[in-house]
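Residue numbering restarts at 1 for every chain, and letters A, B, ... go by the order of the sequence lines.
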Number of protein chains: 2
Amino acid sequence: MSEDDEKMTEKQIRIIDAAVESFAQKGYSATSTSEIAKRAGVAEGTIFRHYKTKKELFLSIVTPVIAKFVAPFVLRDFYQLFEEQYESFPDFLRAVLRNRLTFVMKNGPVIKILLHEIPFHEELRQQFKEQVFPQVAGPIERIIVHFQERGELIDLAPSTLIRLSISVMAGYIITRCYILPDNAWDDEKEVELAVQFIMHGLSPT
Amino acid sequence: MSEDDEKMTEKQIRIIDAAVESFAQKGYSATSTSEIAKRAGVAEGTIFRHYKTKKELFLSIVTPVIAKFVAPFVLRDFYQLFEEQYESFPDFLRAVLRNRLTFVMKNGPVIKILLHEIPFHEELRQQFKEQVFPQVAGPIERIIVHFQERGELIDLAPSTLIRLSISVMAGYIITRCYILPDNAWDDEKEVELAVQFIMHGLSPT
DNA sequence: TTTATGAGTGAGTGATTACTTACTTCGTAG
DNA sequence: CTACGAAGTAAGTAATCACTCACTCATAAA
């Protein structure tokens, strides 16, 4: 559940777990440090021994998953990887959707926190603007142009194709993980369905 | 900007406007009543003359737009209306997307507040479960079945078709209004593009 | 054994919170 | 002209907030 230990005391881990739970349940500013301490079974002062402020604790939880999210895209050979490995655009979509779905399912509560708090914390928005947008959009755009040249995609602005594809994929991930997590989802089937929809729409053949 | 007056004093309107601004900027629980009062140019006590609690003020802002959102769907003849007026499913999609886009643009900040706070307020989630889901999903499902019987839509569960359609439409509305509001959007073009994508996907011809 | 260090503690700190209360002001019905 | 209720207010209230500080304890190098 908790973070990648590495020289963390047991109580420190308990603090982070408690903070994640509380932040996810009630939001950052509705969560008090005394509540986190109580939940972690720790004195309130212990929190401030490890983190100077409440916000530092918050950022120590949330910023690592931004980095993790960007990581697979900034591999130097990301473009070549997909160009060689995946023969068609649907293959590429399937791989990305499966990959991000498992990522969200692994880091569920923290991503929920991140999504909620992004609009209210300048530091987070900054990090998104600097890291996520350029690092992720660039490589993907090249891949899209690649498949456009091969005639597998309609001739629209790559940013538009990205937006449409992400809408469908995010739509599934969000309903799957946050809106109706209790449904009996058949992920393989739903991924295939989403990919087919992105490629062919809702019209019968 | 503010609510539908109706026996509201000028100061009361200023309170609501100030509350909407603050809630949208910092979130519900990070906004203090003293801050709202200051922003409205009003004594803090004045807020509590009109609203028993901070939460009551919040709900008085947010619940009307839930009702407004549902309103067009609960018209008794909603189903007949679309059955007669719109000859094809794409026509239906166009109408809905245009309609909801203007709705979001009119009530922008309040909808932003609503989306952020839904997970943290049981009353809001309740209202969504009771009003939005059944009232909206029902009529739309009948319309989808109608077009499926006419052979205009592939044979999938209506709930799936709804989810996919909403993903694309919400994807555009959210990027249009909240993520990149400063872009020079050509709404007519983008609406048409979204509808075409829903019907035919990204594959060429 | 002594000493030094860092984890952990709990009783504080002043500031801020949502909300109350006693009061004034003002428009209007009688 | 008066009386009354609603609108508005300034000065409170207790509770809670994030954070501090003086302290204990355990471990381990000297």
Inset, instruction - Using whole Å, report how far OH of B:Y51 lies from P of D:dA7. - result: 11 Å
Inset, instruction - Check every strand shown and say whether B:S29 touches a base, only sugar-phosphate, or nothing at a heavy-atom separation below 4.0 Å. - result: nothing
Legend entry - Interatomic distance where NE2 belongs to A:H50 and C1' belongs to D:dC19 [whole Å]: 16 Å
Legend entry - Gap between atoms CD1 and C1', on B:I15 and D:dA7 respectively (whole Å): 10 Å
Legend entry - 5'-most by nearest nucleotide on DNA chain D - A:R49 or A:S32: A:S32
Inset, instruction - Could you tell me the separation between the CD1 atom of A:I13 and the P atom of C:dA7, rounded to a whole number of Å? - result: 14 Å
Legend entry - Cationic tip of B:R125 above B:F128 ring, under 6.0 Å, 45° of axis: no
Inset, instruction - Check every strand shown and say whether B:T33 touches a base, only sugar-phosphate, or nothing at a heavy-atom separation below 4.0 Å. - result: base
Inset, instruction - Report yes or no: is the cationic atom of B:K112 (NZ for Lys, CZ for Arg) closer than 6.0 Å to the six-membered ring centre of B:F23, at no more than 45° off its axis? - result: no
Legend entry - Euclidean distance, atom CE of residue A:M8 to atom C1' of C:dG6 [Å, nearest integer]: 16 Å
Inset, instruction - Check whether any side-chain N or O of B:E117 sits under 3.5 Å from a backbone N or O of B:Y28 as a donor-acceptor pair, and report yes or no. - result: yes
Inset, instruction - Whole angstrom is fine here: how far is it from CD1 in B:I36 over to P in D:dG8? - result: 16 Å
Inset, instruction - Return no unless some side-chain N or O of A:T46 is found under 4.0 Å from OP1 or OP2 of C:dA7. - result: no
Inset, instruction - Look at the aromatic rings of B:W185 and B:Y172 and report parallel, tilted or perpendicular, splitting at 30° and 60°. - result: perpendicular
Legend entry - Separation of C:dC19 P from B:L57 CG (nearest whole Å): 10 Å
Legend entry - side-chain N/O B:K11 vs D:dT9 OP1/OP2, d < 4.0 Å: yes
Inset, instruction - Rounded to the nearest angstrom, tell me the gap between atom NZ in A:K26 and atom C1' in D:dC17. - result: 13 Å
Inset, instruction - Determine: side-chain N/O of B:S34 to OP1/OP2 of C:dT17, distance under 4.0 Å, yes or no. - result: yes
Inset, instruction - Indicate the atoms forming the closest heavy-atom contact of A:F103 with A:K68, along with that distance. - result: CE1-CB, 3.8 Å
Inset, instruction - Give a yes/no on whether any side-chain N or O of B:K54 is located under 4.0 angstrom from OP1 or OP2 of C:dA18. - result: yes
Legend entry - Residue whose closest nucleotide on DNA chain D lies nearer the 5' end, B:I47 versus A:E44: B:I47
